[in-house]
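Residue numbers start at 1 and run along the sequence shown.
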Amino acid sequence: MAFTIIKGGRVLDPETGLDAIKDIAIVDGKILEIEDDIDIHAYEHHEKIGEMDENDIIIDAEGCLVMPGLIDLHVHFRDPGFEEKETICTGARAAARGGFTSVCMMPNTKPVIDAPDTLEEVIEKAAKVTNVQVHPIAAITANQDGEYLTDFQTLFDNGAIAVSEDGKSVMNARVARQAMRLAAEVGIPVFAHCEDINLRARGVMNAGKRAKELGLYGILNEVEDIIVARDIILAKDTGAQLHLCHCSTEDSVNLIKFAKAGGLPVTAEVTPHHLTLTEDDVDGTDANFKMNPPLRTKADRDALIKGLKEGTIDCIATDHAPHTEEDKKAGFKQAPFGIVGLETAVPVIYTELVEKGVLTPLEMAEKMSYNPARIIGMDRGRIQVGADGDITIIDPDFEFEINPDSFFSKGRNTPYAGKKVKGLVKATIIDGRVIYRNDGKNESIVKMEEHPEMD
């Protein structure tokens, strides 16, 4: 029985508040010990292991942050149907490289994940091609057409972690209310993409001074705020567990704060790009700065940062949305919305928020692991004896330049190309197995016979 020992890292456990230099021993996929100094040689004849062999791994984590495996509640893997943009395999490889041990995959594939057969196909493929835990989110309505509800109970029973119409809102308030009422009965969370599509019209970036300077149609803050307010009211009416995706406006933060003050079961996420970029970064030609919701004003960004710090916004999610180079070169007006985020999230958040004193490393672990796990009812996001051996190791002092050509994702559509950052993901460990390693010079991802697509 192989084991993994992590030596001398700064261990961060948000649930208990642990922030100390410790060693960790993982045996049979579970954390067996967390101590000041674990004697490696004692494991040579451990009763649960036997003799050491080539499968046993010792990781020197001195100077590194050792967090619970990161969890991303919002990714688009495009599979099935848009495999030229991403596949479950390439998306999961990108997740591992980014330090994510679990991801939640949105349903806007082709066909849409709206029935048990498609759900089963995704789950089975994920099990074959990756160790990263891929949790599918099912559609709220059939084909995401906004009319007829899917069978929430059957989808939940067959592995759907939540329901969402991500990529669009359920515009019909009656259907949205029915969906939340049914979700409350089943006990499945509703992940809401809040966008009044009629009010958005032809908008391609934030409505404001910068859009006028560039001669581009703008997207008002109210496009988001109106649906946020509506869905909070419907959650209050139905008792549904509501999770608000990729929040981008100051008033969204205010509305969420109001909902939480009233004791409503409402949570929210924010992306790294909405925390670190603004409309002023948009030049009107580079569509890698085109996303939905759009980059907002500095006041909006500051409100999002404050909301995240104080706990109004619960977690950070990437909204990883790969597109082909050809798609993104179609021009700012014509190009699709969306950027990749799995492989840039850690260094961007560490550099812009942790290094600058906005978040502590422990709070980073809380926002990127512990809180996401609680939102979807997953018993992960902890570093404690008996917990699952999901670990992300980050070298906070390693400085590098973000290079899209090195991405494991098929997508290269990032606004952070060339950005100098700190915070290298040194290792990603799932159930005690090291699936990704990077020493700053060489990187490797696990290759297994049963996972031929990873070879």
Side-chain angles (χ1 to χ4, degrees), residues 9-14 17-21 61 63-68 70-72 98-100 206 210 246-250 252-253 256-257 268-282 288-289 291 293-319 339-372 392-403 414-426 440:
R10 181 179 173 183
V11 178
L12 304 162
D13 179 53
L18 175 66
D19 182 350
I21 306 300
C64 293
L65 306 176
V66 180
M67 299 184 179
L70 305 184
I71 299 170
D72 192 345
F100 292 92
N206 185 59
R210 187 62 176 153
H246 46 48
C247 296
S248 72
T249 72
E250 183 176 6
S252 282
V253 177
I256 296 161
K257 184 181 292 187
E269 70 188 35
V270 63
T271 69
H273 46 279
H274 287 114
L275 290 168
T276 59
L277 301 171
T278 71
E279 63 176 3
D280 293 330
D281 294 297
V282 179
N288 290 319
F289 288 83
M291 61 282 291
L295 298 174
R296 302 289 189 180
T297 66
K298 183 179 183 297
D300 289 309
R301 184 194 62 187
D302 291 347
L304 293 168
I305 291 172
K306 181 180 179 182
L308 179 69
K309 174 69 175 179
E310 70 184 13
T312 299
I313 296 178
D314 302 86
C315 65
I316 298 168
T318 68
D319 192 9
I339 64 170
V340 292
L342 284 167
E343 293 168 83
T344 58
V346 164
V348 167
I349 292 299
Y350 185 81
T351 302
E352 295 298 326
L353 297 185
V354 179
E355 272 258 299
K356 294 180 179 179
V358 177
L359 296 179
T360 66
L362 189 62
E363 288 171 333
M364 178 181 174
E366 177 190 50
K367 311 299 185 185
M368 297 186 74
S369 182
Y370 180 73
N371 284 354
T392 300
I393 302 176
I394 300 167
D395 183 343
D397 296 322
F398 192 93
E399 188 171 7
F400 63 102
E401 189 174 286
I402 292 176
N403 177 13
T414 176
Y416 296 112
K419 180 179 176 63
K420 291 184 178 179
V421 291
K422 288 184 178 180
L424 180 76
V425 175
K426 184 173 181 178

Exercise: identify the closest heavy-atom pair between [X] and [Y]:
X    : Y    : result
P396 : Y350 : CB-OH, 3.2 Å
D395 : C64  : CA-SG, 3.9 Å
I313 : A268 : CG2-O, 3.6 Å
R210 : D280 : NE-O, 4.3 Å
I305 : V358 : CG2-CG1, 3.5 Å
C247 : I256 : SG-CD1, 3.8 Å

So, the side chain of [X] versus the backbone of [Y]: is there a donor-acceptor pair under 3.5 Å, distance only?
X    : Y    : value
D13  : L18  : no
K367 : L308 : yes
T278 : K298 : no
E269 : H246 : yes
T276 : P272 : yes
D72  : T318 : yes
H274 : P294 : yes
T392 : L70  : yes

- [ ] Check step by step if side chain to side chain contact (heavy atoms under 4.5 Å, CB included) holds for I402 and V348.
- [x] CA-CA 9 Å; I402 292 176; V348 167; 4.2 Å; yes
Return the [atom1] to [atom2] distance between [X] and [Y], rounded to the nearest 0.5 Å.
X    : Y    : atom1 : atom2 : result
C315 : E366 : SG    : CD    : 10.5 Å
K356 : L359 : NZ    : CG    : 12.5 Å
E250 : L304 : CD    : CG    : 9.0 Å
H273 : Y416 : NE2   : OH    : 7.0 Å
I316 : I71  : CD1   : CD1   : 13.0 Å
K419 : T344 : NZ    : OG1   : 10.5 Å

Min side-chain heavy-atom separation [X]-[Y] under 4.5 Å:
X    : Y    : answer
L295 : N206 : no
P361 : R10  : yes
P415 : D281 : no
P68  : Y370 : no
M364 : I394 : yes

Open item on the list: Whether D302 and K306 form a salt bridge (side-chain N of Lys/Arg under 4.0 Å from carboxylate O of Asp/Glu) is what I want to check.
Closed with: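 Salt bridge absent between K306 and D302.
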Open item on the list: Whether K422 and D397 form a salt bridge (side-chain N of Lys/Arg under 4.0 Å from carboxylate O of Asp/Glu) is what I want to check.
Closed with: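 Looking at D397 and K422, the cut-off is not met.
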Task: For E343, salt bridge (Lys or Arg N to Asp or Glu O under 4.0 Å) partners two or more places apart - done: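 Once residues adjacent in sequence are excluded, the partners of E343 under the salt bridge (Lys or Arg N to Asp or Glu O under 4.0 Å) criterion are R97.
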Open item on the list: Does D300 form a side chain to side chain contact (heavy atoms under 4.5 Å, CB included) with T249? I'd like the steps, not just the answer.
Closed with: CA-CA 5 Å; D300 289 309; T249 72; 4.0 Å; yes
Task: Intermediate values then yes/no, side chain to side chain contact (heavy atoms under 4.5 Å, CB included), D19 and L12 - done: CA-CA 5 Å; D19 182 350; L12 304 162; 3.4 Å; yes
Task: CA sep, side-chain torsions, deciding dist, call: E310, K257, side chain to side chain contact (heavy atoms under 4.5 Å, CB included) - done: CA-CA 10 Å; E310 70 184 13; K257 184 181 292 187; 3.1 Å; yes
